[in-house]
There are 2 protein chains.
Amino acid sequence: MTENRQPATGAKRGRKRSEESRQAILGAAFELVDEVGYAALTIEGIAARAGCGKQTIYRWWPSKAHVLMEALAAEGELGVTTADHGSYAADLRAFLRDTFRLGGEPRIAGLLRVLIAEAQIDPRFGEVFRAGLLERRRDALRVVLDRAGERGDLPSRPAPDTVLDIVFGVLWYRLLAIPQPLDDALADDLTATLAPSAGGPA
Amino acid sequence: MTENRQPATGAKRGRKRSEESRQAILGAAFELVDEVGYAALTIEGIAARAGCGKQTIYRWWPSKAHVLMEALAAEGELGVTTADHGSYAADLRAFLRDTFRLGGEPRIAGLLRVLIAEAQIDPRFGEVFRAGLLERRRDALRVVLDRAGERGDLPSRPAPDTVLDIVFGVLWYRLLAIPQPLDDALADDLTATLAPSAGGPA
DNA sequence: TTAATTTCGAACCGTTGCGTCTCGCATTAA
DNA sequence: TTAATGCGAGACGCAACGGTTCGAAATTAA
């Protein structure tokens with residue numbers, strides 16, 4: 001064990017981590033996975049394209065999936081949109097359209113697909129992925145639901161947790177099962193189903 | 001190319017395929033994936049446990065995922081339940097409960113998870129999996145929806161295709177994203193949302 | 001300035017499983 | 001019988017893993 005001579009607050013001793021290498025690695029991984037596919041993606045290949053040694057990757061990431069997850073966060077900034085549009089239906093509709101548009105980007109969609117796949121196969125990565133991505137998205141939608149609850153705007157029928165399951169369920173199912181366009185029509189159909197007060201009378 | 005000397009109807013020449021080996025392989029794969037996990041599952045390991053040569057596996061299946069998909073069909077018989085219960089709500093409720101109960105079996109759930117994961121990573125297997133499993137399940141639920149349509153029992157609000165996406169979306173999302181029990185309460189909540197005529201007045 | 005610490009790129013190596021191939025034997029139709 | 005096919009077993013070359021070691025460079029505390 002290294003003895004603890006540093007002051008409790010950071011200020012480590014030696015050479016700093018190279019931000020340049022970090023970005024080169026993330027960029028190389030993002031490009032390569034698109035060119036050769038996830039199965040053929042290798043740490044050695046990433047290192048070669050990034051112009052760094054394998055060890056520099058192994059030092060900071062436990063697997064290629066971890067690299068890609070960080071690359072996803074770096075390249076496709078996940079804009080969480082939970083602005084207040086005045087009503088539950090409007091909020092939900094906006095959330096769905098934005099989320100679907102993001103999930104419709106082919107590069108993003110491809111990454112999401114292989115990452116959730118790897119999360120099933122590698123339990124260690126699964127934890128990171130669930131906490132770092134899936135739960136965050138659920139939290140974002142929960143903001144919308146909580147606001148609707150305070151407004152008294154929330155239908156009683158599908159329980160809030162069920163709404164979460166339906167929204168993200170449909171999103172992921174379309175990505176994984178039968179790749180289909182994730183269009184606005186689906187978003188509106190879902191909105192009408194989950195927030196009937198919008199399209200109906202009143 | 002082998003010349004076509006056989007009569008058009010089967011009746012090949014040489015030794016027949018060993019049904020004993022086939023079942024030994026499927027059983028070994030089913031056991032091993034549970035013991036060591038999908039990532040550590042190897043063709044060599046399956047062959048060793050089944051007491052057969054590697055070639056006997058490679059001759060009949062292109063990958064371990066294909067083996068497991070056949071093992072799933074062999075072990076967990078997928079009972080598709082589309083009996084007529086008199087109303088759309090009752091049919092849907094029964095379908096959901098049965099499907100959820102099946103997906104709740106830990107062994108089955110584990111297999112489903114790794115198979116849809118592999119389908120994302122290996123496109124060749126993806127086609128087989130979508131056609132042989134995902135589409136079949138959609139077809140089963142479509143029977144229920146078509147019958148409801150003929151009865152005039154079908155709500156206008158969620159389009160039939162959207163119902164498919166919601167039902168299977170929630171099912172798969174629960175399996176993949178946040179392993180939760182898939183209980184009857186969820187099935188009933190979904191039924192009430194998709195077939196409101198049931199819980200409501202009239 | 002100096003010494004300690006840490007990262008860097010590069011190379012090496014043992015292990016593992018893949019996928020192909022070959023062997024000798026068993027089984028079956030012609 | 002003869003030809004064709006499936007079988008178990010195992011050898012083979014290949015690719016990638018993942019862990020280690022090396023010298024050089026960079027950074028910071030003393």
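We name chains A, B, ... by the order of the sequence lines, and we start the count at 1 in each one. Remember, it's a predicted structure, so these values are computed and weren't measured experimentally.
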Set of salt bridge (charged side-chain N to carboxylate O under 4.0 Å, His left out) partners for Glu150(A), sequence neighbours left out
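By the salt bridge (charged side-chain N to carboxylate O under 4.0 Å, His left out) rule, Glu150(A) matches no residue at all.
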Using the salt bridge (charged side-chain N to carboxylate O under 4.0 Å, His left out) criterion, which residues pair with Arg17(A)? Sequence neighbours excluded.
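Arg17(A) satisfies salt bridge (charged side-chain N to carboxylate O under 4.0 Å, His left out) with no other residue.
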Does [N] have its OP1 or OP2 closer than 4.0 Å to a side-chain nitrogen or oxygen of [X]?
X	N	result
Ser18(A)	dT7(C)	no
Arg59(A)	dC8(C)	yes
Ser21(A)	dG9(C)	yes
Trp60(B)	dT5(D)	no

What residues in residues 118-129 of chain A put a non-hydrogen atom under 4.0 Å from any atom of DNA chain C?
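Going residue by residue through residues 118-129 of chain A, none turns out to have a heavy atom under 4.0 Å of DNA chain C.
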Interatomic distance where [atom1] belongs to [X] and [atom2] belongs to [N] [whole Å]:
X	N	atom1	atom2	value
Ile25(B)	dG6(D)	CD1	P	13 Å
Arg22(A)	dC8(C)	CZ	P	12 Å
Glu20(A)	dT7(C)	CD	P	17 Å

Partners of [X] by side chain to side chain contact (heavy atoms under 4.5 Å, CB included), sequence neighbours excluded?
X	result
Ala94(A)	His85(A)
Asp146(B)	none
Glu105(A)	Ile108(A)
Ser18(A)	Glu20(A), Ser21(A)

Apply side-chain hydrogen bond (donor to acceptor under 3.5 Å, both in side chains) to Asp161(A) and list each qualifying residue two or more places apart in sequence or on a separate chain.
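Here no residue qualifies.
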Under 3.5 Å between N/O atoms: give me all the protein pairs with nucleotides 26-28 of chain C, atom names plus distance.
residue	atom	partner	partner atom	Å
dT27(C)	O2	Arg15(B)	N	3.3
dT28(C)	O2	Arg13(B)	O	3.3

Please identify each residue that fulfils ring-ring contact (aromatic ring centres under 6.0 Å, His included) with Phe168(A), with sequence neighbours left out.
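So Phe168(A) forms no ring-ring contact (aromatic ring centres under 6.0 Å, His included) with any residue.
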From Thr99(A), Thr191(A), Leu194(A), residue fulfilling side-chain contact (heavy atoms from CB on, under 4.5 Å) relative to Val167(A):
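Result: among Thr99(A), Thr191(A), Leu194(A), Leu194(A) is the only option passing the side-chain contact (heavy atoms from CB on, under 4.5 Å) with Val167(A).
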Between Leu72(A) and Met69(A), is any pair of side-chain heavy atoms under 4.5 Å apart?
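Not in contact.
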Exercise answer: donor-acceptor pairs, residues 176-187 of chain B side-chain atoms, under 3.5 Å, sequence neighbours excluded:
residue	atom	partner	partner atom	Å
Asp183(B)	OD1	Leu186(B)	N	3.2
Asp184(B)	OD2	Arg97(B)	NH1	3.3

Using a 4.0 Å heavy-atom cut-off to protein, can you give one letter per nucleotide of nucleotides 12-22 of chain C, 5' to 3': B if the base is in contact, S if only the sugar-phosphate is, - if neither?
B----SBBBB-
